[in-house]
Amino acid sequence: MASTFSRFPPRLQEAIVSRLGWTSLRPVQELAGQAILDGKNAVVLAPTAGGKTEASMFPALANLMVDEPEGVGVIYIAPIKALLNNQEDRLGTYADMVGLRRFVWHGDVADGDRAKFKKEPAQILMTTPESLEVMLVSPRFPVARVFKDLRMVVIDEIHAMAGTDRGAHLMSVLERLSTFTTNDVQRIGLSATVGNPEYILSWMKGTSAREGAVVNPPRDPARRDLHVGLFPTILELSTEAAARAAGKKSLFFCQSRALTETVAERMRGRGTDVFVHHSSVSLEERRAAEDRFHGGTNACIVCTSTLELGIDVGDLDLVFQANAPTTVSSFLQRMGRTGRRSGTVANTTFLCELPESVFQAVALVELAREGWVEPVPEQRRCWPVLVHQVLALTLQLGAISAERCWDLVHRVPDFAGIAESDFKEIVAHMLAKDFLFESGGLLSMGQHAERVFGRRNFLELYAVFSSPVLYRVLNHVGRDIGSLEQDFVDRLVEQMSSFLLGGRAWYVVKVNHQERTVTVKEAPRGQKPSWGGFIPQFLGFDLCQRIRQVHTEDTRYPYVSEQAFATIQSQREDLGDLLRRGGLCVQLVEGCARWWTFAGGRVNQTLKYGLEILAGWKVVSDNFLLRIEGNGISHTTVEQAIKRLSNPDWWKDPTVERNLLARMPEYRLSKFQPCLPERYALDMIQAYLLDTQRTVEWLGAISSADPVPPVPQ
C-alpha cells in the first residue's frame, strides 16, 4: 500500500518538507491519512499535541488542491472561540503554503472581514457550532452559494460535545448544512481521550452513507510523574504550589472560579508571576495572561477548565490540580498539557484540601493506569435542542410546515428517541403558548417567542446555550458572599450539596431561581472527615466504585504523601471491613440506616426517590451514601425494599413513573424549557438526575452476591 505522504499532491509534499522541516509523518497521521483519503468518516484519537490537527488537515488540503471547491470546501469546528484563535495561525500557515485560504468566523470578527468572506469565501472556514447557526438563520448570509460544494467537516475536541446539548445542536446544524450541497459531507472527529470511540463515530455519521473508521494507533507506555498531597488549608495548599512552581511555567487547575481567585491571591508575592484565567475574566485579560505567560519562565496560570482543551499556552513544566477533577478524561487532558518537550515527563500534582479529594485523586489515577476512560453518554431525547431547532427553522425559512420541520429534525441521532407524536404534541404546546404561530398550514415564530428570544436581533436564539447567568450567594442574614454561574447552581440540591466560595465551604439551604439567589450556611467540618452530604456535583458510577476499591485494597500508592496516605488508612479502618463483606453494606445507627453504595450521584438519587416512593422513608443521598430515616427501619425492611427496587418492572409501573416525575425538583436546565409541555420538561430533568437502568443492573449484581450478616453500629 502506498504511504499517506506519497498520496499527497507533490506541492503539499514539498511544503511539508521545506516549510515545516518534517522528515516523516507520525503513526496517527499515516493511519488517519489513509482513512480520510479513502473517503471514510473517521474518529482520530491521539494524546494532546499528538498531531491530530495535521492528521486531518493535510488530507483535507490534498482534497482541496486536487479539485478546488466553489466556496467553502472544509469546515474546522471547535467547541470554544479560544481554541479557534489558538489554531488560527497554524491552519493559516498550512493553507498558505499550498496557495489556499482560511477564514475564522466568530462573534469577535469585524463586520468588514465578514463581508469580504461572504463575497469571496475562503476554502477553509474555522468556526463554532453557534456561529454556523448564525449563518444559517441570517437572511444576509448566502448559505446556498457559500456551502454548495462543502466536502468535509473536522470537529476538534469532539468528546467535549458528543452526548451533550451542544453536540445535539452541532449535529442538527450539520444536517441542515448538508441540504445545501450535493456532496456526502465527510466527517472527521478529533479527540485525545474517550472511552467509546465507535459510538462517537456512529453518532457523528448522522445521515452520511460513507464507511467509517476509528484511528487509534498503539501508544507507547510513558512514565508519569504524579503526586497527591493533603493540605488542611488553602493557604498551605497555595504555599506548596508556589514553592513547586518557582522558576517554572505551570498551570494550576481549580474546580470553581471562587477557588481560582482565592488560590491566585494566596500564591502572589511568593516569587512566581501569577495570572488568573476563567470564564468571568474578560477576554482581553485572558489573552494578556496567555501572551505574558508565553514570554515568561517563572509564571503560573491559575485557571478553571477554560484551559483544559487543546489551547496552546506554550511549553509547560508542571500541572497542579486543586482537589480533583470529576472525570478521568479531564485528568488526562490536563496532565497532557505537560511532557511535550523532548526529555520531559507528563505530570500532575494534586493538592487536596479534603480527605474526599485524596480518595478521588487516587481513584482517577488508578483508573487511568488501568486504561479506563469515561464513555460518552448516548443521548436520544434531547428535548431543548429539538425546540430550538423548530424555532431556528422558522427564523431561517420564514415559515415551514410541521411535516418538513419533522423531516429535517428527526434524522439527528440525539432525537432518535423522540416519536413523531411527541413532536406534534410539542408543536401544539408551542402554538398554545404563542411560541409558534400557524397560518396556511405553515409554522412561524410566535410573538411570545419574539419577546423572549428576539432581543438584540435574536441573539438569544443564536446563542443556543444561555450566557452565564449569575446567582447571588447569601448567608442566613442576607449578606452577599459572592456569585455562582447557573450551570453550577443547577447541580445543587437543597439540604445536601455544598461548595467552596471565597475559600470556605458553604452548605446549600435554599435555591430561589426566580430571584436567582442561593441561601447558604457554613458547612460543618468536624474533627474527623464525614463522607457524604458535601459534594459540589455528581460523580460517575465507575469512579465511585473505584473510590470504594481504594477503601478495601491494601495498596500503598507511591505517589501519595505520608499525610494523605494516613487519611486513606484511617478511612480504611473505619469502612474497609464493612465494604469488603460485599453485598448490601447497610449500617443501623440510632434508628437510621446508612447504606454505603459508592454508586455515584445519579444512581443514588434514583435509589433515594425509589425508597421514598416505596416505603415513605426520608432519604438523603450523595455520591457514596444513602441516609434512610423513618418508621420500621431495620436490616430486614431495608433489604426487602432494596430487593423490590432491583425489579425493573417496579420502575415501569405507571404510578411509580408519575410519582418520580412529581418529585423532580424545579431545575432550569435550558432557556428553552418553558417551550416544552410539562411532562417533557420533567423527563429532561429526570434524565439529568436519574439512571434507572444502571440502578437496576447494579442492584441485580449486588443482590446475587452471597448474603452477609447485618452489621449494627
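Both backbone and side-chain heavy atoms feed into the values below; hydrogens, waters and symmetry mates do not.
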side-chain contact (heavy atoms from CB on, under 4.5 Å) involving Asn196 - partner list, sequence neighbours excluded: Val194, Tyr199, Pro375, Val376
Donor on one side chain, acceptor on other, Asp414 and Trp203, under 3.5 Å: yes
Phe58 ring center within less than 6.0 Å of Phe5 ring center: no
Charged N-O contact under 4.0 Å between Glu70 and Arg145: no
Donor-acceptor contact present, side-chain Gln29 to main-chain Lys52, <3.5 Å: no
Ring centres under 6.0 angstrom apart (Phe117, Phe103): yes
Heavy-atom side-chain contact between Gln321 and Thr349 under 4.5 Å: no
Validation row, ring centre Phe331 to ring centre Phe350 under 6.0 Å: yes
All salt bridge (charged side-chain N to carboxylate O under 4.0 Å, His left out) counterparts of Arg223, not counting sequence neighbours: none
Test item: Arg102 side-chain N/O and Glu88 main-chain N/O as donor-acceptor pair under 3.5 Å: yes
Heavy-atom side-chain contact between His169 and Gln389 under 4.5 Å: yes
Note: Arg187-Glu175 ion pair, threshold 4.0 Å (strictly below): yes
Polar side-chain atom of Gln186 near backbone of Ile36 as donor-acceptor pair, under 3.5 Å: yes
By ring-ring contact (aromatic ring centres under 6.0 Å, His included) - contacts of Phe8 (at least two apart): none
Donor-acceptor pair, side chain of Asn298 and main chain of Gly247, under 3.5 angstrom: yes
Glu120/Lys116 salt bridge by N-O under 4.0 Å criterion: no
